[in-house]
Protein chains: 2
Amino acid sequence: MSGRRVTIRDVAERADVSISTVSHAFSGSRPISAETRERITRAANELGYEPNPSARSLRTGRSGIVGLILRPRFALVGTSDRAETFNRLVGSVATEALRRKTGLIHVPDIDDPRAAKVPMDGCIVAHPYSGDRVLTEVLRRHIPVVTVEEDPERPELPWAVRLDYPPVVDRLLDHLKRQHASDIMLLTGTESNAWNVRTRESYRAWCRTNGVPARIDELSEGLTHEEAAQLIGPLLAAPDRPDAIVVATSDFAALIARVAAAQGVRVPDELMIASFTDSEHSRTADPAITAMDLNHENLAKEAVELMLARIAGAEAPEKPVVISPVLHLRASTLRSPH
Amino acid sequence: MSGRRVTIRDVAERADVSISTVSHAFSGSRPISAETRERITRAANELGYEPNPSARSLRTGRSGIVGLILRPRFALVGTSDRAETFNRLVGSVATEALRRKTGLIHVPDIDDPRAAKVPMDGCIVAHPYSGDRVLTEVLRRHIPVVTVEEDPERPELPWAVRLDYPPVVDRLLDHLKRQHASDIMLLTGTESNAWNVRTRESYRAWCRTNGVPARIDELSEGLTHEEAAQLIGPLLAAPDRPDAIVVATSDFAALIARVAAAQGVRVPDELMIASFTDSEHSRTADPAITAMDLNHENLAKEAVELMLARIAGAEAPEKPVVISPVLHLRASTLRSPH
DNA sequence: TACGTCGATCAAAACGTTTTGACTCACAAC
DNA sequence: GTTGTGAGTCAAAACGTTTTGATCGACGTA
């Protein structure tokens, strides 16, 4: 706080050169004599000079900062399981950005006029909704953007990393079928992001291919565990109870397992359970729950890489980068042979 | 990308006023006639004008951005359990910052000249080491700082949030004693942050008070699970095996539980286990492991609040804000009465 | 009438950099 | 002896805002 910040002008004065010389000395953009350079660095050190990032980026048009916008609504409220998903994605992106020596900023709600406006060279938008309003805004401002998972209404954006669901969903459903499931139900989420939309499609396609009717119901991501339990109870008690349920989130999967246990429905023998996200929850539940892992770490790594390439002026890639989810088969879908 | 960015000058031209009038219209710092204001906002909308954050903060000296520096070395490498700690803290701070409509930036290594320099009004430094070099650098630059947990060598900094270990450590150790533990060993971490330093002190103090010898060993946070297992095996096989172990991290706690199981040492009857961090791991291990939860969510909330107060020019508080860790007693330390 | 006040606007300065064009030497090449 | 070249330096412009002082009517008050 002690008085004014020290500027390049102070350094120049102390080293008895012009400010442009100081600038050149630091950037190396022009030759500077060894003797002068020495004087300048000494002056800078003595004064504790640090270039002002705002001034620098105003001039250069670059801030060295990448923005991050997470679209899941569950960013701010939600169960611990959702928080885990959020935290894991944020942590992964941050880790990768740090490794690349670039600043990563969490962008406050971009169209709230009261929110701070931040300088960024580009922006990663993760899990946009259909026709996502924030993504629209970012595009309108001509901010270079990379999406993690596409906006289902804008699948054409080439700067994207996306997950390849169909093979993994197929493998999961094939597996269930081999375990003698004859009535596989899908409890899908209600948010209109690619994860919900495309896993649902994959399920439908598999059903068509296998000549079985699709059986889909929705379970909103916004439900509390109590509310969800209210819906699941009757489903498991009904005469036409499915013999396998694939549910969007792993916390609901764990919840179904608990409800099943309470109603005396045996897992996996009478009911198999699997989910489209993984978490510590599903790993350590009893029985452990089969889950598709969204591979956030790789998603994050590729997204940051793509973003930096785009900022550096690279050509748009032909196609999005594709990452494969990882399937973890666990006890909840492994029936003992009899 | 289409051509140049649109500036306040373009808006002024289009609305046929001076640029200062445009600025006043947006900031409301001087009265502007309704008719003019209308023309200006229309022009701004048509052009898609957004003020340049760098120019603004250059002029005002404020960026609306808070920096975040996480000191645990395990930020970038480590087991999934450490990643969970990292992720949870990052996620909590980010969530709180977003709620407060301020930008939050992960600061790339502050004294790496190749790393991007970022504009920030202040900086949160979490879990600094003793005499932390990064904290020193931040202070040298007169960047307003708030620490999460103090630097053990600089306990006097008033702008801090810290955890109140002694009562909770006492409660844990009292509990173990009541469960008939007579030889409680502490496996402390080796990093010199407040968490390690102060929990160790608390343990020592309790031992003094209770007239039992302190038994402390170190288990470096940097060890892989394999390496740690190498050390733990002999400890559990030795004739003077303790009947209770308190270990710093929850992943090592879970590891000890596994080693114990492999060696036929019954938990909790022959060996009780507890840890100074909590995680999904310890919650769902079998048996579930007693743990102290660092309460990252509250830590984060208070830290952001303090930071914003400091930036807004508030007086330095008398004392640091104190948060209480939460103790979760679980099966690993609950002996069945016999 | 003279005077202060207020609303509405403008022009200019300032924030702290980077970059560009120009200048001065010294030295080598023709 | 001119010409060219490169090293080393400086002055000035530019980046896009916000803020301050000034101007100019209109209006109410002494």
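First the proteins, then the strands, lettered A, B, ... as listed; each starts at 1.
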Query raised in the report: Should A/Glu50 and B/Arg141 count as an ion pair when the cut-off is N to O under 4.0 Å?
Result: yes
Report summary line: Contact check, residues 41-62 of chain B vs DNA chain C, heavy-atom distance under 4.0 Å, returns B/Leu58, B/Arg59
Query raised in the report: Which pair of heavy atoms, one from B/Pro128 and one from B/Pro152, lies closest together, and at what distance?
Result: O-CD, 4.1 Å
Query raised in the report: Can you tell me how far P of C/dT19 sits from CZ of A/Phe26, to the nearest Å?
Result: 15 Å
Query raised in the report: Mind checking whether A/His127 and A/His296 have parallel, tilted or perpendicular rings, split at 30° and 60°?
Result: perpendicular
Query raised in the report: Which pairs pass salt bridge (charged side-chain N to carboxylate O under 4.0 Å, His left out) with one or both residues in residues 36-49 of chain B, sequence neighbours excluded?
Result: B/Arg14-B/Glu46, B/Glu35-B/Arg39, B/Glu38-B/Arg42
**Report entry** Whole angstrom value for the distance that separates C1' of D/dG16 from CZ of B/Arg5
**Finding:** 9 Å
Would you list the atom pairs, donor with acceptor, under 3.5 Å between side chains in residues 25-33 of chain A and any protein atom, with sequence neighbours excluded?
unit_1	atom_1	unit_2	atom_2	d
A/Ser27	OG	A/Ser23	O	3.1
A/Ser27	OG	A/Ser29	N	3.2
A/Ser27	OG	A/Ser29	OG	2.8
A/Ser33	OG	A/Thr36	N	3.3
A/Ser33	OG	A/Thr36	OG1	2.6

Report task. Decide salt bridge (Lys or Arg N to Asp or Glu O under 4.0 Å) for B/Asp109 and A/Lys101; before the verdict, give the C-alpha distance in whole Å, the side-chain angles of both, and the deciding distance to 0.1 Å. Result -> CA-CA 7 Å; B/Asp109 192 359; A/Lys101 300 181 190 307; over 6 Å; no
Query raised in the report: Is the shortest side-chain N to carboxylate O distance from B/Glu150 to B/Arg162 below 4.0 Å?
Result: yes
Query raised in the report: Is the shortest side-chain N to carboxylate O distance from B/Arg71 to B/Glu191 below 4.0 Å?
Result: no
Report task. State which residue, out of A/Asp132, A/Thr136, A/Thr147, fulfils the side chain to side chain donor-acceptor pair (under 3.5 Å) condition with A/Arg154. Result -> A/Thr136
Requested in this report: Take atom CZ of A/Arg30 and atom P of D/dG6, then tell me their distance rounded to the nearest Å.
Outcome: 14 Å
Query raised in the report: Taking CZ from A/Arg9 and P from C/dT17, how many angstroms apart are they, rounded to a whole number?
Result: 8 Å
Query - Selection: residues 31-40 of chain B, any non-hydrogen atom under 4.0 Å of DNA chain C - result: B/Pro31, B/Ile32, B/Ser33, B/Thr36
Query raised in the report: Are B/Glu96 and B/Arg100 close enough for a salt bridge, meaning some N to O gap below 4.0 Å?
Result: yes
Query raised in the report: In this structure, are over 12 heavy atoms from other groups packed under 6.0 Å from A/Glu156 atom CD?
Result: yes
Report summary line: Only one of B/Val146, B/Asp121, B/Val66 passes side chain to side chain contact (heavy atoms under 4.5 Å, CB included) with B/Leu308, and that residue is B/Val66
Query raised in the report: Listed in order of residue number, which residues of residues 106-117 of chain B have a non-hydrogen atom at under 4.0 Å from DNA chain C?
Result: none
Query raised in the report: Picking from B/Arg140, B/Lys117, B/Arg133, what satisfies salt bridge (charged side-chain N to carboxylate O under 4.0 Å, His left out) with B/Asp111?
Result: B/Arg133
**Report entry** For DNA chain D, the residues among residues 13-25 of chain B that have a non-hydrogen atom under 4.0 Å from it
**Finding:** B/Ile19, B/Ser20, B/Ser23, B/His24
